[in-house]
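Before any comments, here is the structure.
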Amino acid sequence: MSDGTTGLKVDLLPGWDPDLTACTFSIENEDHTLGNVLRWMIMQDPDVEFCGYSAPHPSEPKIHLRIQTLHGKSCTVVMRTALEELEKIFSSLGQKYEDALSQYSGRMDTD
């Protein structure tokens, strides 16, 4: 969690449900790039009723991400799962890019 001094990036904002089925996270040093893809990934979970994000102010480098779940599923579990899935996707995409770049560079060397 973050208060600006701990160095951590994610903070749970006040107003969360005691069973963690409705929470708003503040994510430091991020913008619409992460907000939109994270919202999309979270909404793939059938136990998620709502997910949305906002940038509180253009001069503040952070986003607020709201998650509401069904069937007692914890928002923190949903968030962690979505981040892990995105990490897998981005790793795969990066590897495919590197492979394609190497293949292209190899062809350019033989011409």
> Would you say the side-chain atoms of Asp17 pair up with the backbone N or O of Asp19, donor to acceptor, closer than 3.5 Å?
Replying inline: no

> Does the side chain of Cys23 reach to within under 4.5 Å of the side chain of Ile67, using non-hydrogen atoms?
Replying inline: no

> Would you call Asp45 and Lys73 a salt bridge, taking side-chain N to carboxylate O under 4.0 Å as the test?
Replying inline: yes

> Val48 versus Val78: any side-chain heavy-atom pair under 4.5 Å?
Replying inline: yes

>> So does Thr33 get a backbone contact from the side chain of Asp31, meaning a donor-acceptor N/O pair under 3.5 Å?
In response: yes

>> With ring-ring contact (aromatic ring centres under 6.0 Å, His included) as the rule and sequence neighbours excluded, what pairs involving residues 47-67 come up?
In response: His32-Tyr53

>> Under 4.5 Å between side-chain heavy atoms, counting indirect links through other Ile/Leu/Val/Met/Phe/Trp/Tyr residues: same cluster for Ile63 and Trp40 or not?
In response: yes

> Tell me, do Val77 and Thr69 make a side-chain contact under 4.5 Å, heavy atoms counted?
Replying inline: no

> Are Asp99 and Gln95 close enough that a side-chain donor and a side-chain acceptor fall under 3.5 Å?
Replying inline: yes

>> Minimum heavy-atom separation for Gln68 and Ala22, please, with both atom names.
In response: CG-CB, 3.9 Å

>> If hydrophobic clusters are built by linking Ile, Leu, Val, Met, Phe, Trp and Tyr wherever their side-chain heavy atoms come under 4.5 Å apart, do Val37 and Val10 end up in the same one?
In response: yes

> Hey, what do you get for CG (Leu38) to CE (Met43), rounding to the nearest 0.5 Å?
Replying inline: 12.0 Å

> In Å, rounded to the nearest 0.5 Å, how long is the span from CD of Glu28 to NZ of Lys62?
Replying inline: 5.5 Å

> Roughly how far, to the nearest 0.5 Å, is the CD atom of Gln44 from the SG atom of Cys51?
Replying inline: 10.5 Å

>> The criterion is salt bridge (Lys or Arg N to Asp or Glu O under 4.0 Å); which residues satisfy it with Glu49, sequence neighbours excluded?
In response: none

> Is Leu13 reachable from Met79 through a run of I, L, V, M, F, W or Y residues, each pair having side-chain heavy atoms under 4.5 Å apart?
Replying inline: no

>> For residues Leu12 and Leu83: do they belong to one hydrophobic cluster (side chain heavy atoms under 4.5 Å, members Ile, Leu, Val, Met, Phe, Trp, Tyr)?
In response: yes

>> Is any side-chain heavy atom of Met41 closer than 4.5 Å to one of Ile89?
In response: yes

>> Please determine whether residues Ile42 and Phe90 belong to a single hydrophobic cluster, defined as Ile, Leu, Val, Met, Phe, Trp and Tyr linked transitively by side-chain heavy-atom distances below 4.5 Å.
In response: yes

> How would you list, by chain and number, every residue that makes a salt bridge (Lys or Arg N to Asp or Glu O under 4.0 Å) with Lys88, sequence neighbours excluded?
Replying inline: Glu85

